[in-house]
Amino acid sequence: MRKITSSSAALCAALLANPVQAETTDPAVEKQLQELRSLRQNLEQQNQEFDQRIQQLETELYGESTPAPQRPADNPGSSLGYRPGKGFNLFNSDMGEVNFGVFSYTRYLNQKDFERSYTDDFGRTSSVDPRNDFQFQKVNISFRGWIFDPKLHYLFYTWTSNTSQGDPAQVVVAGNLGYHFNPAFKLYAGIGALPSTRSTNYTFPNWLKNDHRTIADEFFRGSYTTGIWAEGEIAEGLMYRAMLGNNLSQLGVSGNQLDDGLNTASGALWWMPTTGEYGPGEGLGDYEFHEQLATRFGIHFTHSREDAQAQPGTNSFENSQIRLSDGTLIFQADPFNNGTAIDQATYQMAAANAGLKYRGWFLEAEFYHRWVDKFDANGPLPVDELDDKGYQVQASMMAIPKTLQPYVAYSEIQGEYGTPHDLSVGFNWFPFKRKEFRFNVQGLYLKDSPVGYSSVPFQLGGNGWAFTTDMVLAF
């Protein structure tokens, strides 16, 4: 292909804009003009072929796809339109791009089967107020892309939980900035989730359940905080993510409530040996219908020095608090019922998980081990350390490919102050054969739930069945 100089390109633009002038040029210029026109036509044809191939792959991943967007005649290189995983591309140029996405759902929740009271391991009784209501539950609006340099990425979002109106952090406006030095090292700063378990390591919203975890995952995990983190691919199929943050959960906690130590750290290392991938977001379930066995193995570790002031409010959505296995907050007044209050404690938690996907079948398990020690209290305590273990197992199948996905999940906490557990049985129905829109119907059985707040279907101390029906939109 002939090299195109900047002066030739400028001349070509002038000739295309003024055909009368072109008639007076010499044959060499006319020949170059025809070559440029032919080159542009070839590029447009290649772009159309790329669009067709992208649409084929999107159909394989997400079901029946919408037609590829038409390219504006004055900007044949643009890619405005919808792209799964990014949302709608609103703007695209050599200076950056803007992608718009939404996660939202309407929920019907019925907890009328719950027992009306709950007694903890120390004999203290509290009331349980079951719910039976409809909620336009959550709206998450995000803008993401890059600016000035394709390596300079941004994510800005607003996130609200309507069931938590009046509670701290009911509305969050947040985000982060990142620079991709290379595939092995991407550096970010801002608000992000500590990679403490599978569910806090970029898998949301690609879960079987809609927008809530098993009670074991909820009990052990960290949450969102402000910090810096690095991630990347060390070798083919071998990934890492490491974060240094302010505390276990900064939602609902102001800056002047934080101590003067950066002592919250979390990391994850995972390996996908068979196919080198695990579906979009490395999420749960095999909606993609893997023809080859996809496997994933991961380990996580989190350490944090916490105090009572840096813990979020009880009902803050996405809150993460240190509790005994009977649900008692360790930073509440007199947690052990002996007249002593705890001011500070050290939290450490390790998690390991393994999973597989094959032809619509999915199975995954995760094990947790948490230590809480080094208590700073205003008096004697009956223990020097809390040592709790737990696990969860989730399984699903595509009973009708791209359409119907039944699932089951079970978790248990093996703690020093009780062994609560939960069982979920449900299904996801995708009426448009697209992953972005679904109905989720679920029955959730709870036994002595040690966790709960207003934006999830379980309550603290919940015993009995809860039923949910969700209509979910995520793009």
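All figures in this text were calculated on a predicted structure; none of them were measured in a lab.
- Annotation for F185 and A230: closest pair CE1-CB, 3.7 Å, computed over non-hydrogen atoms.
- Considering only heavy atoms from C-beta on, F88 stays 4.5 Å or farther from R83 through its side chain.
- When only modelled atom types and interatomic distance are considered, D422 and T214 share no side-chain donor-acceptor pair under 3.5 Å.
- Y179 has its ring centre no less than 6.0 Å from the ring centre of Y188.
- There is a side-chain donor-acceptor pair under 3.5 Å between S196 and T200.
- Judged as a salt bridge (Lys or Arg N to Asp or Glu O under 4.0 Å), not a single pair has a partner in residues 449-469 (not counting sequence neighbours).
- Atom CG of D334 and atom CG of N337 lie 5.5 Å apart (nearest 0.5 Å).
- Judged by distance alone, the side chains of Q250 and T226 do bring a donor and an acceptor atom under 3.5 Å apart.
- Between F439 and F437, the distance separating the two ring centers is shorter than 6.0 angstrom.
- The list of salt bridge (Lys or Arg N to Asp or Glu O under 4.0 Å) pairs with a residue in residues 456-466, not counting sequence neighbours, is empty.
- Side-chain atoms of K138 and S104 include no donor-acceptor pair closer than 3.5 Å.
- Q442 and H212 are linked by a side-chain donor-acceptor pair at a separation below 3.5 angstrom, with hydrogens and angles left out of the test.
- Taking CG of L152 as the start and CD1 of I147 as the end, the distance is 7.5 Å to the nearest 0.5 Å.
- A184 is linked by a side-chain contact (heavy atoms from CB on, under 4.5 Å) to N182, counting only residues two or more places apart in sequence or in another chain.
- A side-chain donor from one of Q459 and Q111 sits under 3.5 Å from a side-chain acceptor of the other.
- With no hydrogens or angles considered, no side-chain donor-acceptor pair links N246 and T225 at under 3.5 Å.
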Let's go through Y82 and E436 carefully: what are the C-alpha distance in whole Å and the side-chain angles of both, what is the deciding distance for side-chain hydrogen bond (donor to acceptor under 3.5 Å, both in side chains) to 0.1 Å, and is it a yes or a no?
CA-CA 12 Å; Y82 179 65; E436 299 94 327; 2.6 Å; yes

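- Applying the salt bridge (Lys or Arg N to Asp or Glu O under 4.0 Å) rule to pairs touching residues 144-158 yields nothing, sequence neighbours excluded.
- With rounding to the nearest 0.5 Å, the separation of OG1 in T203 from CG in L284 is 6.0 Å.
- No side-chain heavy atom of L244 sits less than 4.5 Å from a side-chain heavy atom of T264.
- Expressed to the nearest 0.5 Å, how far OG1 of T160 lies from CD of Q137 amounts to 10.0 Å.
- Contacts of H290 classified as side-chain hydrogen bond (donor to acceptor under 3.5 Å, both in side chains), with partners at least two apart in sequence or in another chain: E277, D286.
- Under 3.5 Å, the side chains of Y410 and E412 contain a donor-acceptor pair of N or O atoms.
- Counting only heavy atoms from C-beta outward, the side chains of H300 and S266 never approach each other to under 4.5 Å.
- A donor-acceptor pair shorter than 3.5 Å cannot be found between the side chains of T163 and S455.
- Defined by atom type and a distance below 3.5 Å, a donor-acceptor pair is missing between the side-chain atoms of H303 and N263.
- Counting only N and O atoms by type, the side chains of W270 and E282 include a donor and acceptor under 3.5 Å apart.
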Full working for salt bridge (charged side-chain N to carboxylate O under 4.0 Å, His left out) between D217 and R221
CA-CA 6 Å; D217 189 1; R221 71 177 177 87; 5.3 Å; no

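- For the side-chain contact (heavy atoms from CB on, under 4.5 Å) test, residues two or more places apart in sequence or in another chain that qualify with V372 are I322, I330, A345, R370, F375, L386.
- Side-chain atoms of Y108 and N110 form a donor-acceptor pair, as typed in the model, at a separation below 3.5 Å.
- Residues meeting the side-chain hydrogen bond (donor to acceptor under 3.5 Å, both in side chains) test with T125, sequence neighbours left out: T119.
- In terms of heavy-atom proximity, T274 sits nearest to A294 at OG1-CA, 3.5 Å.
- Listed by chain and residue number, W465 satisfy the side-chain contact (heavy atoms from CB on, under 4.5 Å) test with D113 (two or more places apart in sequence, or in another chain).
- The list of salt bridge (Lys or Arg N to Asp or Glu O under 4.0 Å) pairs with a residue in residues 456-470, not counting sequence neighbours, reads R107-D470.
- For Y202, the side-chain contact (heavy atoms from CB on, under 4.5 Å) partners are W229, E231, R241, not counting sequence neighbours.
- Using a 4.5 Å heavy-atom threshold, the side chains of F103 and W159 count as separate.
- Here the NZ atom belonging to K374 is positioned 15.5 Å from the OH atom belonging to Y347, to the nearest 0.5 angstrom.
- Taking a 6.0 Å sphere around CH2 of W271, one finds it holds 12 or fewer heavy atoms contributed by other residues, nucleotides or ligands.
- When side chains are defined from C-beta on, L324 counts as touching F336, because their heavy atoms get closer than 4.5 Å.
- Counting only N and O atoms by type, the side chains of N463 and D448 include a donor and acceptor under 3.5 Å apart.
- For D384, the CG atom counts as loosely surrounded, since its 6.0 Å shell holds 12 or fewer non-hydrogen atoms of other residues, nucleotides or ligands.
- The closest side-chain heavy-atom distance from T302 to L248 is below 4.5 Å.
- Just one residue in the list F430, Y407, W207 forms a ring-ring contact (aromatic ring centres under 6.0 Å, His included) with Y287, and that residue is F430.
- Nearest approach of N440 to L208, heavy atoms of both residues: ND2-O, 3.3 Å.
- Neither side chain, Y118 nor D326, offers a donor N or O lying under 3.5 Å from an acceptor on the other.
- Evaluation of the side-chain hydrogen bond (donor to acceptor under 3.5 Å, both in side chains) rule for N99 yields N89, E97 as partners, not counting sequence neighbours.
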Taking only distance into account, with no hydrogens and no angle test, what donor-acceptor pairs under 3.5 Å do side-chain atoms of residues 358-367 form with protein atoms, sequence neighbours excluded?
| from | atom 1 | to | atom 2 | distance (Å) |
| --- | --- | --- | --- | --- |
| R359 | NH1 | E291 | OE1 | 2.5 |
| R359 | NH1 | E291 | OE2 | 3.4 |
| E364 | OE1 | R198 | NH2 | 3.3 |
| E364 | OE1 | Y278 | OH | 3.2 |
| E364 | OE2 | R198 | NE | 2.7 |
| E364 | OE2 | R198 | NH2 | 3.2 |
| E366 | OE1 | Y368 | OH | 3.0 |
| E366 | OE1 | Q392 | NE2 | 3.2 |
| E366 | OE2 | R198 | N | 3.2 |
| E366 | OE2 | N353 | ND2 | 3.1 |

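- Here F204 contributes atom CZ and R213 contributes atom CZ; the two are 8.5 Å apart, rounded to the nearest 0.5 Å.
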Decide yes or no on side chain to side chain contact (heavy atoms under 4.5 Å, CB included) for L446 and F114, but give the supporting numbers first.
CA-CA 9 Å; L446 300 169; F114 280 3; 3.5 Å; yes

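- The shortest distance between side-chain heavy atoms of M349 and W371 does not fall below 4.5 Å.
- Side-chain contact check for D387 versus K389: some heavy-atom pair is nearer than 4.5 Å.
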